Amino acid sequence: MFTAINRRSLGQFATLWRFQSTLVRAEHHNNQLTPITLNAITAARKVGGEVTCLEAGTNCAMVAEPISKVQGVKKILVAQHDCYKGLLPEELTPLILATQKQFNFTHICAGAYAFGKNLLPRMSAKLDVATLSDITEVKSQDTFVRTIYADNALATVKCNEKVKVFTVRGTSFEPAAVAGGRAATEQVASPSPAGMSEWLEQSLTKSYRPELTSAKVVVSGGRGLKSGENFKLLYDLADKMGAAVGASRAAVDAGYVPNDMQVGQTGKIVVPDPYIAVGISGAIPHLAGMKDSKVQLTVTRVIVINKDPEAPIFQVADYGLVEDLFKVSLSMMTRLDIVILKV
Amino acid sequence: MSRVLVGVKRVIDYAVKIRVKPDHSGVVTDGVKHSMNPFCEIAVEEAVKLKEKKLIKEVVAVSCGPTQVTETIRTALAMGCDRGIHVEVSGKDYEAMGPLQISKIFAALAKKEEASLIILGKQAIDDDCNQTGQMTAALLDWPQGTFASEVTIDGEKVKVVREIDGGLETIKISMPAVLTADLRLNTPRYATLPNIMKAKKKKIANMKPADLGVDMVSRVEVLRVDEPPTRLAGVKVETVDDLVAKLRANGTI
């Protein structure tokens with residue numbers, strides 16, 4: 001199930017105009033509010049004005065209630081239809097376009113994760129406007145900051161489109177509080193199904209560990225682990241610390257771990273404190289995932305364990321231990337983690 | 001199933017450490033090593049494999065930009081594409097060119113070439129936009145199979161396994177369609193010397209966006225480009241005990 005949020009800003013410009021913006025958000029299939037939605041709502045509120053949410057799915061009732069409590073959300077639009085199974089962009093795009101035609105929003109946004117990245121550009125092209133991907137800062141209603149070159153540069157971008165469409169990097173914005181809000185709900189009609197795509201199935205990695213992108217502590221392994229079995233060292237350490245486990249692209253490519261554990265430019269962006277990198281050399285794409293990009297200047301402490309003193313990852317390490325990770329035996333790692341738990 | 005269009009973008013090589021220009025107008029590109037966007041290589045490989053499986057007849061490599069992009073098209077031809085199209089864009093238009101403009105070009109070409117499939121890379125490693133495939137599909141009103149890690153042609157439909165945040169998702173879409181290649185879709189081949197030589201004889205057609213009826217106007221401006229905040233230098237330690245001691249002294253633990 002997915003949700004879109006509209007934003008309306010009143011009186012910010014010429015008094016005859018009323019501005020609105022839409023935020024698109026997604027739910028998991030277990031019918032819970034996706035965390036990144038709350039970060040996206042914060043970004044929408046920074047643009048100024050009112051925030052409206054558009055929720056679409058096969059069973060919206062379960063999510064409408066929590067969103068209505070989110071601080072800063074004024075109204076929720078609900079569209080329920082079987083064709084939204086799998087939240088296919090071909091089906092959701094006509095819905096958002098119809099909503100836009102009816103309410104005339106000034107801004108449309110969503111969290112920059114698989115769902116938002118798949119849907120928003122499709123929708124914006126139909127409106128003949130650009131999308132700004134993965135923004136990390138809202139400077140004003142038309143100026144945003146986003147990263148380029150795998151987080152090695154920051155671009156400040158001004159958007160002169162009549163509707164400003166953007167996706168939001170969740171880790172750059174605080175989540176909106178799910179309290180104090182009292183949004184009204186309104187049903188919207190669903191356009192006829194497009195019928196050109198069909199959702200078959202999902203295979204999600206079930207994990208009781210914290211979700212990578214919102215985890216407070218992350219332990220990541222690289223090719224230095226040498227096998228999927230050796231990742232058990234990190235799983236055990238992570239379990240003791242209540243940490244999430246990530247991996248470099250090299251480790252995923254080598255088949256040690258599934259793709260959803262990848263941290264980096266084309267994987268997940270993480271902002272834990274600390275981030276512990278084990279057996280990772282630090283090729284540029286991985287560093288992009290680990291660097292802090294939050295608006296609030298939280299320093300992410302990076303701890304590196306690698307036997308190669310020349311590994312690029314040491315350049316971003318706050319603490320580097322040059323040691324063969326296997327020699328740093330489980331008992332020593334246990335010692336480290338017990339000390340950390342004392343905090 | 002006859003023709004596939006593949007987009008290839010010329011970008012700063014992924015291993016290069018980029019520098020921001022002193023006037024903050026952009027990133028230094030002059031004299032810097034460029035190569036084909038890694039995701040585009042994967043897209044080319046997938047298209048060529050489909051041709052080798054005899055599921056499609058012809059692969060056309062397309063790139064938009066100044067003269068230098070023909071090098072990138074030649075690489076695609078050396079990997080097995082049949083012919084190339086160079087859409088000339090240069091100067092201010094090239095600097096301002098973004099996914100919206102490119103998708104208009106691809107949509108126009110898809111109609112002109114009567115393509116059944118467009119395969120693009122998921123994102124370019126310079127702008128990190130991840131939009132062109134989705135936008136092209138929208139303009140053509142075609143379905144989209146993005147972040148593809150596995151593609152299977154099944155009659156008039158394509159089964160796509162996609163990489164999403166929690167794992168993998170499988171969809172089935174009708175053709176014609178747009179696919180965007182994710183990292184694990186395949187391992188691109190190296191162009192062998194005989195193929196590089198053969199590629200020199202393959203045709204690259206030349207055209208301008210105006211020939212395709214495409215307006216390159218962009219309503220997005222880059223105001224400035226900055227380096228990210230620098231991290232303070234780190235500390236090397238010899239043993240886990242040292243590490244623990246430092247973290248204690250620092251107040252982390």
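Predicted model only: the values in this text are computed from it and were never measured. Throughout, protein chains are lettered first and strands after them, A, B, ... in sequence-line order, and every chain is numbered starting at 1.
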Peer 1: Give, for atom CD1 of B:Ile164 and atom CZ of A:Phe115, the distance between the pair rounded to the nearest 0.5 Å.
Peer 2: 11.5 Å
Peer 1: If we define contacts as heavy-atom pairs under 4.5 Å, which of A:Pro89, A:Ser197, A:Ser203, A:Ala153 has the most with chain B?
Peer 2: A:Ser203
Peer 1: So does B:Asp127 get a backbone contact from the side chain of A:Arg146, meaning a donor-acceptor N/O pair under 3.5 Å?
Peer 2: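 Pair found, side chain donor or acceptor close to backbone of B:Asp127.
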Peer 1: Between A:Glu90 (side chain only) and B:Gln144 (backbone N and O only), is there a donor and an acceptor less than 3.5 Å apart?
Peer 2: yes
Peer 1: Mind checking the CG-CG spacing from B:Leu183 to A:Asp253? Nearest 0.5 Å is all I need.
Peer 2: 6.5 Å
Peer 1: What part of B:Val20 gets closer than 4.5 Å to chain A, counting heavy atoms only: side chain, backbone, both or neither?
Peer 2: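 Just the side chain, heavy atoms under 4.5 Å.
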Peer 1: I'd like to check A:Thr131 versus B:Met135 (side-chain heavy atoms, cut-off strictly below 4.5 Å). Are they in contact?
Peer 2: yes
Peer 1: Which residue is it: B:Arg224, B:His24, B:Glu221? I am looking for the one with a side chain to side chain contact (heavy atoms under 4.5 Å, CB included) to A:Thr156.
Peer 2: B:Arg224
Peer 1: Can you tell which part of A:Asp134 gets under 4.5 Å to a heavy atom of chain B, answering side chain, backbone, both or neither?
Peer 2: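 Neither part, no heavy atoms under 4.5 Å.
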Peer 1: So for B:Ile173, is it side chain, backbone, both, or neither that comes closer than 4.5 Å to the heavy atoms of chain A?
Peer 2: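 Both the backbone and the side chain of B:Ile173 come within 4.5 Å of chain A.
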Peer 1: Checking side-chain polar atoms at under 3.5 Å, does A:Ser133 have a donor or acceptor matched by the opposite partner on B:Asn130?
Peer 2: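 The answer is no; no qualifying pair exists.
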Peer 1: Only pairs of heavy atoms separated by less than 4.5 Å count here; which of A:Leu212, A:Val252, A:Thr143 has the most with chain B?
Peer 2: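 Top option by heavy-atom pairs under 4.5 Å: A:Val252.
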Peer 1: Is there side-chain contact between B:Ile171 and A:Leu88, with heavy atoms separated by less than 4.5 Å?
Peer 2: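 In contact.
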Peer 1: Identify which of B:Ile18, B:Ile12, B:Val222, B:Thr136 forms the greatest number of heavy-atom pairs closer than 4.5 Å to chain A.
Peer 2: B:Ile18
Peer 1: Between B:Thr180, B:Thr132, B:Leu223, B:Thr146, which shows the greatest number of heavy-atom pairs under 4.5 Å with chain A?
Peer 2: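 Most heavy-atom pairs within the cutoff with chain A belong to B:Leu223.
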Peer 1: Given that the side chain runs from C-beta out, which part of B:Gln131 has a heavy atom under 4.5 Å from chain A: side chain, backbone, both or neither?
Peer 2: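 When you check distances to chain A, atoms from both the backbone and side chain of B:Gln131 fall under 4.5 Å.
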Peer 1: Considering the options B:Asp128, B:Val11, B:Val27, B:Val16, which one meets the side chain to side chain contact (heavy atoms under 4.5 Å, CB included) requirement together with A:Tyr149?
Peer 2: B:Val27
Peer 1: Is it the case that B:Arg162 and A:Gln202 place a side-chain donor and acceptor less than 3.5 Å from each other?
Peer 2: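 Result is no, nothing qualifies.
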Peer 1: Could you have a look at B:Asp226, B:Val220, B:Val160 and say which one has the most heavy-atom pairs with chain A under 4.5 angstrom?
Peer 2: B:Asp226
Peer 1: At a heavy-atom separation under 4.5 Å, does A:Pro258 approach chain B through its side chain, its backbone, both, or neither?
Peer 2: neither
Peer 1: Okay, side chain of B:Gln134, backbone of A:Leu119: is any donor-acceptor separation there less than 3.5 Å?
Peer 2: no
Peer 1: Among B:Thr170, B:Val158, B:Val161, single out the residue with the greatest number of heavy-atom pairs under 4.5 Å to chain A.
Peer 2: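 Sorted descending by pairs with chain A, the first entry is B:Thr170.
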Peer 1: For A:Val304, which atoms come within 4.5 Å of any heavy atom of chain B: side chain, backbone, both, or neither?
Peer 2: neither
Peer 1: Taking side chain as everything from C-beta outward and backbone as N, CA, C, O, which of these in A:Thr93 sits under 4.5 Å from a heavy atom of chain B? Side chain, backbone, both or neither.
Peer 2: neither
Peer 1: Which heavy atom in A:Arg122 sits nearest to a heavy atom in B:Ala137, and how many Å separate them?
Peer 2: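 Nearest heavy atoms, A:Arg122 then B:Ala137: NH1-CB, 3.5 Å.
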Peer 1: So which part of B:Lys104 gets closer than 4.5 Å to some heavy atom of chain A, the side chain, the backbone, both or neither?
Peer 2: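 For B:Lys104, the contact with chain A is made by the side chain alone.
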Peer 1: Is it true that B:Lys172 and A:Glu198 make a salt bridge, defined as a side-chain N closer than 4.0 Å to a carboxylate O?
Peer 2: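 Salt bridge absent between B:Lys172 and A:Glu198.
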Peer 1: So which of B:Leu139, B:Leu168, B:Asp141 has the largest heavy-atom pair count under 4.5 angstrom toward chain A?
Peer 2: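 So the answer, after comparing B:Leu139, B:Leu168, B:Asp141, is B:Leu168.
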Peer 1: Determine whether more than 12 heavy atoms belonging to other residues, nucleotides or ligands lie under 6.0 Å from atom NZ of A:Lys162.
Peer 2: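 Yes - once you tally the heavy atoms of other residues, nucleotides and ligands closer than 6.0 Å, there are more than 12.
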Peer 1: Name the region of A:Asp128, side chain, backbone, both or neither, that has any atom closer than 4.5 Å to a heavy atom of chain B.
Peer 2: both
